[in-house]
Amino acid sequence: MRDIEWKSVLDTASTAALEYLNSLPERPVLPEAADHGAILAALDCPPAAAGVDPAHVVDDLARDLRPYVTAQAGGRYFGFVVGGLHPAALGAELLVSAWDQNSPMFAATPGVAVAEELAARWFVDLAGLPPQCSVGFVTGGQMATFTCLAAARHELLRQVGWDVEARGLAGSPPLTVVVKTGVHVTVLRALRFLGLGEQALVSVPCDDEDRMRPDLLEDVLSGIHGPTIVVVECGNVNTGSFDDFTAVADIAEAHRAAGNPTWVHVDGAVMLLAAATPAMAGKVAGLDRLDSWSTDGHKLLNVAYDCGIAICANAAAHRAAMSVQAAYLEQDTGARDPLDWGPDFSRRARGVQVYATLRSLGRDGVVDLVERTTGLARRFADGLRKSGYAEIVNDVVSNQVLVRWLSPDGDNGRLADAVMAGVRAEGTAFFTGTTYRGERLMRISVSDWATDENDVDRALEALLRHARRAIA
Ligand SMILES: *Cc1c(COP(=O)(O)O)cnc(C)c1O
């Protein structure tokens with residue numbers, strides 16, 4: 001092997017990383033003046049003929065790119081649904097990068113394969129799902145949904161005598177997909193990749209909290225014959241609500257008993273871990289009776305980007321949809337091969353950070369993640385309600401809050417946008433909006449492990465200050 005000087009690169013990177021992490025508490029959440037032209041000017045040094053020393057490049061990157069990095073892990077980023085960074089995850093990710101493990105097979109990387117096998121087992125156990133579930137570590141919630149729905153497609157068509165892996169979808173028996181009104185776009189994108197066009201979709205209306213109405217699901221299913229996929233949610237992106245899993249499981253069972261192959265998938269990107277907490281277990285009763293679950297490691301579990309988790313009760317269907325065999329691979333070791341459980345072939349060892357984070361958090365730490373983020377969401381809701389400047393639109397049952405700013409002139413949407421823009425420009429916190437049932441609202445997602453009461457209070461103070469200013 002060539003003689004490589006690792007130390008200067010590692011020292012440069014770790015010094016810069018530590019400086020950054022230590023700056024998080026006071027750093028503006030969104031970089032100032034992050035306009036495209038300025039960033040381009042800072043970074044655009046095309047590869048020269050002679051190249052540049054690695055440590056020098058890393059040093060330049062730290063100097064030139066860091067000003068434009070968003071402090072997503074700083075405790076005051078409440079936009080979209082974005083997790084922070086658990087230190088155990090960061091440590092594991094650094095090791096995995098240094099080890100440069102390509103992770104499709106046990107034969108190629110036995111340690112990683114076993115660490116992922118354990119991370120999978122622990123996660124399934126914490127989420128209260130059946131122990132025989134199979135798990136794939138993928139890039140995110142969307143690809144986890146893709147993976148689970150590929151397993152569903154395989155299994156439902158198999159039950160009507162169609163081998164979709166061999167024959168594709170041209171000429172196949174029809175497969176109907178039942179979703180809720182306002183289904184997350186990533187479900188639609190996963191279905192697109194699976195060749196299940198939007199015309200295969202049927203929508204079921206929701207109640208006030210964006211929960212699928214079970215009575216209307218029953219009505220819809222009574223008109224569907226043949227293979228049926230139903231997609232529900234554990235943690236809605238707007239309201240944080242949970243579908244009625246017991247009712248859905250009962251209805252799906254009846255549909256199946258009437259001769260229709262049926263598979264229920266749960267998009268649990270936001271809150272699959274609710275099942276880990278005794279306080280919330282009642283809200284997710286019946287979750288374990290369904291067929292597959294997708295979630296994110298990089299959201300509530302707070303591992304580094306990127307990590308999604310695909311879980312199927314029917315491991316054979318999961319494997320049949322994903323696995324491939326070839327003579328030039330070594331797949332007869334009897335151990336779990338990561339490539340059997342997700343769409344990637346070569347990939348980074350992203351399950352290792354799940355292993356590290358679950359070990360470090362422990363059972364109580366996972367419960368605390370769910371309960372604390374939910375408690376902090378309620379703190380936001382209470383503070384805003386009390387101020388008189390805003391109303392809370394949803395029932396805050398988990399870590400998501402929907403806020404209606406109240407403008408004296410009646411233009412609530414304009415006020416919402418002014419408040420969000422003001423807080424964002426000041427750098428105190430970061431919120432994003434949505435149009436919900438025709439109304440412009442502000443969303444709050446508390447998904448960062450590092451967020452504490454002080455962060456919420458600072459963000460509340462800034463929100464109310466900008467609201468007063470915008471109204472005046
Ligand atoms: C974030 C999210 C997804 C997609 O997850 P990615 O990790 O971004 O791919 C899917 N569903 C819901 C409800 C989400 O919040």
Side-chain angles (χ1 to χ4, degrees), residues 70 72-73 77-85 89 123 127 135-150 177 179-194 201 203 206 209-212 229-243 245 264-275 284 287 290 292-311 342-344 347-348 350-351 353-354 357 369-370 373-374 377 394 397-402 430-434 436 443-448:
T70 306
Q72 294 182 0
Y77 186 96
F78 304 105
F80 311 105
V81 182
V82 171
L85 182 60
F123 190 89
V135 177
F137 292 101
V138 296
T139 48
Q142 174 184 279
M143 291 314 289
T145 295
F146 167 85
T147 303
C148 293
L149 294 182
V177 184
V179 298
K180 58 164 76 168
T181 306
V183 62
H184 200 269
V185 286
T186 53
V187 174
L188 302 179
R189 205 139 81 118
L191 290 169
R192 190 198 294 173
F193 300 158
L194 289 164
L201 287 185
S203 292
C206 291
E209 296 294 329
D210 265 10
R211 290 175 298 220
M212 182 188 272
I229 296 176
V230 180
V231 181
V232 293
E233 282 178 324
C234 188
N236 177 267
V237 73
N238 288 313
T239 63
S241 67
F242 305 102
D243 280 313
F245 303 121
V264 184
H265 173 71
V266 183
D267 176 352
V270 175
M271 259 289 155
L272 192 67
L273 283 172
V284 297
L287 187 64
L290 305 176
S292 59
W293 305 264
S294 50
T295 191
D296 272 305
H298 52 223
K299 288 183 181 171
L300 192 62
L301 189 59
N302 277 255
V303 305
Y305 278 87
D306 50 28
C307 179
I309 306 175
I311 306 172
D344 293 309
R347 67 165 175 86
R348 80 181 278 105
R350 62 174 69 83
Q353 57 165 339
V354 175
T357 306
L369 258 184
V370 177
T373 51
T374 299
N394 65 319
V397 293
S398 66
N399 59 347
Q400 312 292 311
V401 189
L402 265 183
F430 183 91
F431 298 90
T432 51
T434 189
Y436 184 75
R443 297 177 57 258
I444 303 176
S445 176
V446 186
S447 301
D448 184 354

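The model shown is predicted, which means the values in this text are computed figures rather than measured ones. In each ligand, atom 1 is the first atom listed, and ligand 1 is the first ligand listed. Values below: all heavy atoms of this structure, side chains included; hydrogens, waters and symmetry mates excluded.
- Contact atoms of ligand 1 toward H298: 7 (O) (distance under 4.0 Å to a heavy atom of the residue).
- In terms of polar-atom proximity, M143 is not counted as a contact of ligand 1, lacking any N or O under 3.5 Å from an N or O of the ligand.
- What sits closest to atom 11 (N) of ligand 1 on the protein, heavy atoms only, is D267 OD2, 2.7 Å.
- The shortest non-hydrogen separation linking A190 to Q142 is CB-O, 4.1 Å.
- In terms of heavy atoms, V138 sits closest to G342 at CG1-CA, 4.2 Å.
- Heavy-atom minimum distance, L369 versus T373: O-OG1, 2.7 Å.
- In H184, the part holding a heavy atom less than 4.0 Å from any atom of ligand 1 is the side chain.
- In this view, D243 and K180 satisfy the side chain to side chain donor-acceptor pair (under 3.5 Å) rule, not counting sequence neighbours.
- Taking the six-membered ring where tryptophan is involved, the planes of F431 and F78 are essentially parallel, since the angle between them stays under 30° and well short of 60°.
- Pairing each heavy atom of L300 with each of V270, the nearest pair is CB-O, 4.0 Å.
- Atoms of ligand 1 lying under 4.0 Å from any heavy atom of V270, numbered from 1 in the order shown and given with element: 13 (C), 15 (O).
- With sequence neighbours left out, the side chain to side chain donor-acceptor pair (under 3.5 Å) criterion links S445 to Q400, S447.
- Atom numbering of ligand 1 starts at 1 in the shown order; those under 4.0 Å from a heavy atom of Q142 are 4 (C), 5 (O), 6 (P), 9 (O).
- Taking every non-hydrogen atom of G140 and a distance limit under 4.0 Å, the qualifying atoms of ligand 1 come out as 7 (O), 9 (O).
- Counting protein heavy atoms only, atom 10 (C) of ligand 1 is closest to T186 OG1, 3.0 Å.
- Between V231 and M212, the closest heavy-atom pair is O-CE, 3.7 Å.
- Residue D296 has at least one heavy-atom neighbour below 4.0 Å for each of these atoms of ligand 1: 1 (C), 5 (O), 6 (P), 7 (O).
- Ranking protein heavy atoms by distance to atom 6 (P) of ligand 1, first place goes to G141 N, 3.2 Å.
- At a 4.0 Å heavy-atom cut-off, ligand 1 touches K299 through the side chain alone.
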